[in-house]
Structure formats: C-alpha cells, structure tokens
Amino acid sequence: MITNRVPHPCLLIDPVAQKLSEPSRAFFRRETATVARDLIGAWIAQRRRGRWYGARIVETEAYLGPTDAAAHSWKGRRTARVEPMYLDGGHLYVFFVYGMHHCANVVTRRAGDAQAVLLRAAEGGEGCPRRLLTGPGRLCAALGITVADSGLDLLAGGNVRLFRRRGRRPRLSVSPRIGVDYAGEAAAWPLRFFDRDSPAVSGPSR
DNA sequence: CACATGATCGCCT
DNA sequence: GGCGATCATGTGG
C-alpha cells in the first residue's frame, strides 16, 4: 500500500526565510571526501503538499567507487540497483537494506565515477524527538525518502533538494566508516565525518 | 555502556 | 542460498 505521511512538524523549514541556497553542480563534482565534509551543516529537504521539510546533516560517509571495497560500485559493479551511482554529481542514490531500511546517498564526481556520500544522521528543529534522524535508516524514514527517489537530480528543481547556508561551520571529527568490517583495508579508511557538537550523531562519537 | 540477537527481503552469486 | 552502508530490544557489568 502507498503511504504518503507528512514528515514530523519539527522538520518544517522555510528556505527563503532561512536564506538557504542550492549548491552548483561543481560543488558535487569535487573530491568525494571534501563533499562529505562540506555536507555537514547542509540541509536535505523534501517538498510535500507545497511545504518544505528538511533536516540539518550532521554525519556523512564517503564511498570512493570501484577502488573502495566498502562501496556498492566496488570493482565497477554495475547493476540496476547501483546504476544511479554512475550518474553525474548531484544525483541521489537510494538503496534498500536488511529488508526494511532505506539509505540515501548524494552522488559525487562525474558520470561514470560511481562515488557517493552516505547521509548518516541529521537534526530537526524545535521539538525534534531524540533520534528521529539519527542513523541512515531513520533519516530516510523521517523524510520519506525511498528507493523511488533513487536516480533523481537534486539540481533539477524538483521536490527533493539540498540547501546550504553561509556562515559559521561546524567543528568536525573524522573516523572510520560504520558497518563495513567486511571491506578489508578500506574498513579503516577515515571517511566518516560528523559534527562533534551535535547530539544527533549516530554510533561512536563525542 | 558494551555486546548479542532477531526481524525481514531484495540483491547478487 | 547467503548476506547486508540497519534498528530495536534484551542481557549483563
């Protein structure tokens, strides 16, 4: 059955009033770890029934494509599920795991490079329930992002977009990625970034 | 707090 | 047929 639930009211945002702006294509085409860092403090947003709902990203992970054993595109794997990873920077790649959770990624670099940034956690506004957006599965559930959104272009003026705001940047910490112990040496690469002052970060932090 | 486990199913081998 | 880029719950220290 089709669900069309509206996100929690604490996620209501007003991009104009909050002076949020959309990055250019060039922003997403930069080195993946750099994009992952710069996405901390950005908003992932979705328009439902004419209103914008969004959350401030506080935790990301970089996945470096065919040379990264933790990436779905490892060794150039190219299947229907992974295909959106091969799109140009600025597209969305969403996958379904463990039979119940969706995970959202922002594609980086150029078409064919198959690199992406996993959105692991975010925080909402006033009255946001603890852990509403803590963890990639919960983040997608809270915003209503599903595999149906995989492959869409964040820069196409559609209902799913990414916003940034000028100003102070969060203090960042770095660590290995979560849940990729199977990836050999790549499992230890320092590709997880998070806002060290945010209570919404998932997994080991602080 | 640190593990351990079950749920659940699409995807790939 | 096996296993996840996860999460909620339960146990024990």
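Throughout, protein chains are lettered first and strands after them, A, B, ... in sequence-line order, and every chain is numbered starting at 1. What you see is a predicted model, and the numbers here were worked out from it, not measured in a lab.
- Screening residues 97-116 of chain A for salt bridge (Lys or Arg N to Asp or Glu O under 4.0 Å) gives no qualifying pairs among residues at least two apart or on separate chains.
- By the 5.5 Å and 30° criteria, A:Tyr182 is not stacked with the base of C:dG4.
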Pairing pattern in dot-bracket form [Watson-Crick, G-U; both distances under 3.5 Å; | = partner strand] for DNA chain C:
||||.|||||||.
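- A:Phe96 comes within 4.0 angstrom of the backbone, heavy atoms only, and of no base.
- Every residue two or more places apart in sequence or in another chain was checked for a salt bridge (Lys or Arg N to Asp or Glu O under 4.0 Å) with A:Arg164, and none qualifies.
- Across all non-hydrogen atoms, the minimal contact from A:Leu118 to A:Ala104 is CD1-O, 3.5 Å.
- Neither side chain, A:His8 nor A:Tyr53, offers a donor N or O lying under 3.5 Å from an acceptor on the other.
- Take A:His101 and apply the ring pair (Phe, Tyr, Trp, His ring centres under 6.0 Å) test, not counting sequence neighbours, and it matches no residue.
- Residue pairs meeting the salt bridge (Lys or Arg N to Asp or Glu O under 4.0 Å) criterion with at least one partner in residues 117-132 of chain A, sequence neighbours excluded, are A:Arg56-A:Glu123, A:Glu59-A:Arg120, A:Glu61-A:Arg120.
- If you take CG of A:Leu118 and C1' of C:dT6, they are 11 Å apart, rounded to a whole angstrom.
- Between chain A and DNA chain B, the heavy-atom contact criterion of under 4.0 Å yields a 5' to 3' nucleotide range of B:dA7 to B:dC12.
- Residue A:Arg131 contributes atom CZ, which lies 11 Å from atom C1' of C:dT9 at whole-angstrom precision.
- With rounding to whole Å, A:Arg81 atom CZ is found 16 Å from C:dC3 atom P.
- When the P atom of C:dC7 is taken as reference, atom CD1 of A:Ile178 falls 10 Å away, rounded to whole Å.
- Nucleotide C:dC7 holds its C1' atom 4 Å from the NE2 atom of A:His101, rounded to whole Å.
- The ring-ring contact (aromatic ring centres under 6.0 Å, His included) pairs that include a residue from residues 12-31 of chain A number zero, where partners must be two or more places apart or lie in different chains.
- At a non-hydrogen distance threshold of 4.0 Å, A:Ala70, A:His72 from residues 64-80 of chain A come into contact with DNA chain C.
- Contacts classified as salt bridge (Lys or Arg N to Asp or Glu O under 4.0 Å) and involving residues 85-103 of chain A (residues at least two apart or in different chains) are given here: A:Arg29-A:Asp88.
- For the segment residues 104-116 of chain A, residues with any heavy atom less than 4.0 angstrom from an atom of DNA chain C are, sorted by number, A:Asn105.
- Shown here are the side chain to side chain contact (heavy atoms under 4.5 Å, CB included) partners of A:Leu20, two or more places apart in sequence or in another chain: A:Ile13, A:Pro15, A:Gln18, A:Trp43, A:Phe163, A:Arg165.
- Residue pairs meeting the salt bridge (Lys or Arg N to Asp or Glu O under 4.0 Å) criterion with at least one member in residues 145-159 of chain A, sequence neighbours excluded: A:Arg25-A:Asp153.
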